[in-house]
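Here the structure comes first, spelled out in structure tokens, and everything after it is commentary.
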Amino acid sequence: MSNFIVSPAPHVHSSDSVRRNMLNVIIALLPAYVVSLIAFGWGVLIVTAISVCSCVLFEYLITRYVLRQQPTIGDLSALLTGLLLAFNLPSNLPWWQVVIGAFVAIVIAKLSFGGLGQNIFNPALVGRVFLLIAFPVQMTTWPLPKGFATSYLDATTGATPLATMKNAIKAGDASLLDQLPELWDMTLGMIGGSFGEVSALLLLVGGIYLLCTKTITWHIPVSILLTVFGVSGLMYVCGMPGAAAPWYHLVAGGLMLGAFFMATDYVTSPMTGWGQVIYGIGIGLIVMVIRTWGAYPEGVSFAILIMNACTPLLNMYIRPKRFGEVKK
Amino acid sequence: MNTFSIGGVHPQDNKQYSAHKKIVEVPLPQKAIVPLSQHIGAPAKPIVAKGDKVLVGQLIAEAGGFVSANIHSPVSGTVTKVDTTLDAWGMRVPAIFIDVEGDDWISEADRTPAVNRICKLEPQQIIEKVKNAGIVGLGGACFPTHVKLMPPPGKKAEVLIVNGVECEPYLTCDHQLMLEHGEEIVVGIQILMKALGIARAVIGIEKNKPDAIENMRKLAAHTLGVSVQPLDLKYPQGGEKQLIDACIGRQVPSGALPIEVGAVVDNVATIYAVYQAVQKNIPLVSRVVTVTGKEVARPGNYLVRFGTPVADIIDFAGGVPENTGKIVGGGPMMGRAMSRLDMPANKRVSGLLLIPESEARRTDPANCIRCAKCVGACPMGLEPYLLSKLASLSRWDEMEKHNVMDCIDCGCCQFTCPSYRPLLDYIRMGKAEVGGLIRARAAKK
């Protein structure tokens, strides 16, 4: 009657796991993915397949043969990085550019820092921004939402709503905004753009799923969206020439995708509630600065990466509220 | 909001196995081993020797200091030796070994079931009786109760918080005690209010025990100043500081005791022991122990004399199931795993949890993904991810700056970690080291 296992408390576990959290994010991305398929057709499937497969493969090969560790692809984090990278690409991007993006995301942005949990910057966004800088033409040539009628590479392309908004504000001419698609089309996702970012509505549904399953907390998405809404609303109300209405800013570009799925990346976001709120406000402000005055029409990726860099600082200065804190 | 304000987790409560099982007395052992260190503080000093005859309830060891507690014989018979034993936690402690002969009690003990409601003793006499009876906190910490009844000069108790929360999963002994001995508990509360000279008591009970809330409400209805506070389910609500926060909305300052905010917290089992000691002259020689687990044949709530070997108690509940992988003394969140079963039950063992082999092993830890779930779960508002990292790097002074000594060992961080990291193991190591540094600094001064 011996040989019992002895270990310190606690002797039970919530049975939460990395894999379960990653799976929840993947599930939350699916509704928006369906809209992307309807909008852009085969290119979506091809880009996703290449991105996911290369990310998982790079992770496996590097951990197994270079780092000589037990490969960790079972936790689904590499799969999720691949999926998120794909969501941030146009559906007509040449396959080899997708592979390069996956390489930068997994090998340079994640594994070179020491693997899961160690990286400073969001891997999928590093991959995307690398592609944006390396292949600016392909990365900003957006296919029009014409569904399966379009084939992978030779799609007709057009301007995104954000480009229209940018032109309007540069010219200081609000009449240019008449070229914007209907607000409902922008909300649902029948517009040009990176294929995963277009359906603000279904990304929001996915985000609410993440909140309900406690995969993420409200702090980051709510503070980003409120900041963008507040700042763009202020510009609009104050009559800044060419400023678009705040609801256009909420549904345009990568804001919903960024707020719920990219900025909330566990590894690269702050550890405390207030830290996350400041981080979210920072992202919102930078997004509005870039959208209004920057060289690019869209700034969500850059905003998140810049605030990723501030995360260690926020962790150092913003502490959780201690129980029974004594003022010194 | 009827719960504490920061952090907390929701483990499966698994109380269905032993809930509402009537308290049953476990037969006396043939040989009792009575450890002399069943409480926080100095071990008690034996006052009997080999060959002495002892009665149940007879004082056999005296408190070894201010923070210490008397030990009484839980059985009657002959002392065979005064030696050391391994206690239920596997620590070697002094102990008195007694061969059991019958069940003869000290003459002053009143063992009739009638409830004696009238207490004419003065506060000082009550405290003296509690002290003499060797009563310690039966919620798990085993802090001597009489010490809590004597606030340091300048501090004044205002409210007695009665801990009927039982937030540990699986355990049901306090629940059953409130159902079967609620009346005695209410008398015990009045006695303690008198001893402390206060007019208010709050009984905190979690809402997963509606019958206990109902019963205590009914019994306390005609008692001035005593109220029942139903609480939303959240672990570790039974933690002293969390319970005070939940019941009266005051936060005990970091590093201070509950008396700082005018609160004294006692567990219902402790208060029942106070009643027994003051009104019935029965010192603390037994307690209710929940024996439970998914595979246990007769899970239930058992009245156990201290000194009974753990194996005897489990045998009485149907024996150790074949696939048992781990045996925990206490609940699954804060209890301690036992390596063997021949050790005696003591004042600390509130439960015996038999965990099947399939659930007994920890999952291998993976990298920290910085999800911040441990920060959200910590009821003290600490940063477990950071503390465990600092402990792994032996950076003790930084741990102290990040309030590691506030940690209450509740295990919420490790429970919630999706990477299965041994956060609390590291933090405990840090607490031990930092505690040593603090004591060394105090010694220098």
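Computed over heavy atoms, backbone and side chain alike; hydrogens, waters and symmetry mates excluded. Chain A is the first sequence line, chain B the second, and so forth, proteins listed ahead of strands; every chain is numbered from 1.
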_Stepwise side chain to side chain contact (heavy atoms under 4.5 Å, CB included) test for B/E383 and A/M271_ = CA-CA 9 Å; B/E383 294 154 285; A/M271 301 295 281; 5.7 Å; no

May I ask you to test the [X]-[Y] pair for a side-chain heavy-atom distance under 4.5 Å?
X: A/F323; Y: B/C378; answer: no
X: A/N315; Y: B/R370; answer: yes
X: B/E357; Y: A/I5; answer: yes
X: B/L424; Y: A/P10; answer: yes

Is [X] close to chain A through its backbone or its side chain, or both, or neither, when contacts mean heavy atoms under 4.5 Å?
X: B/P379; value: backbone
X: B/K373; value: side chain
X: B/L382; value: both
X: B/T363; value: neither
X: B/C368; value: backbone
X: B/H10; value: neither
X: B/M334; value: backbone
X: B/D245; value: side chain
X: B/I369; value: both

*asked:* Using a 3.5 Å distance criterion without hydrogens, assess whether the side chain of A/H13 forms a donor-acceptor pair with backbone atoms of B/C417.
replied: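 Checking the backbone N and O of B/C417 against the side chain of A/H13, a donor-acceptor pair under 3.5 Å is found.
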
*Do any N or O atoms from the side chain of A/S14 and from the backbone of B/F415 form a donor-acceptor pair under 3.5 angstrom?*
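Side chain of A/S14 to backbone of B/F415: a pair is present.
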
For chain A, which of [options] has the most heavy-atom pairs under 4.5 Å?
options: B/R336, B/E260, B/K241; value: B/K241
options: B/G411, B/G325, B/G90; value: B/G325
options: B/A360, B/A256, B/A372; value: B/A372
options: B/P11, B/G335, B/S419, B/G7; value: B/G335

*NZ (B/K389) with more than 12 external heavy atoms under 6.0 Å*: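 It does not: B/K389 NZ has 12 such atoms or fewer within range.
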
*Could you give the distance from OG1 (A/T72) to CG (B/N367), rounded to the nearest 0.5 Å?*
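These two atoms lie 7.5 Å from each other.
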
_Point-to-point distance, once rounded to the nearest 0.5 Å, from NZ of A/K321 to CE of B/M380_ =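 The CE atom of B/M380 is 11.0 Å from NZ of A/K321, to the nearest 0.5 Å.
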
*Under the side chain to side chain contact (heavy atoms under 4.5 Å, CB included) criterion, do A/F4 and B/V320 qualify, and how do the steps go?*
CA-CA 11 Å; A/F4 293 119; B/V320 179; 4.2 Å; yes

_With a 4.0 Å cut-off on N to O distance, would you call B/D406 and A/R322 a salt bridge?_
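Here B/D406 does not pair with A/R322 in a salt bridge, since their nearest N and O are not under 4.0 Å apart.
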
_Looking at chain B, which one of A/S7, A/A9, A/G117, A/S15 has the largest number of heavy-atom pairs inside 4.5 Å, strictly under?_
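Highest number of heavy-atom pairs under 4.5 Å: A/A9.
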
_Interchain contact, A/Q70 with chain B, by part (heavy-atom threshold 4.5 Å)_ =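 Contact with chain B is absent: no heavy atom of A/Q70 under 4.5 Å.
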
*Of B/N403, B/L386, B/V375, the residue whose pairing with A/R319 passes side-chain contact (heavy atoms from CB on, under 4.5 Å)*: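 Output: one option passes, namely B/L386.
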
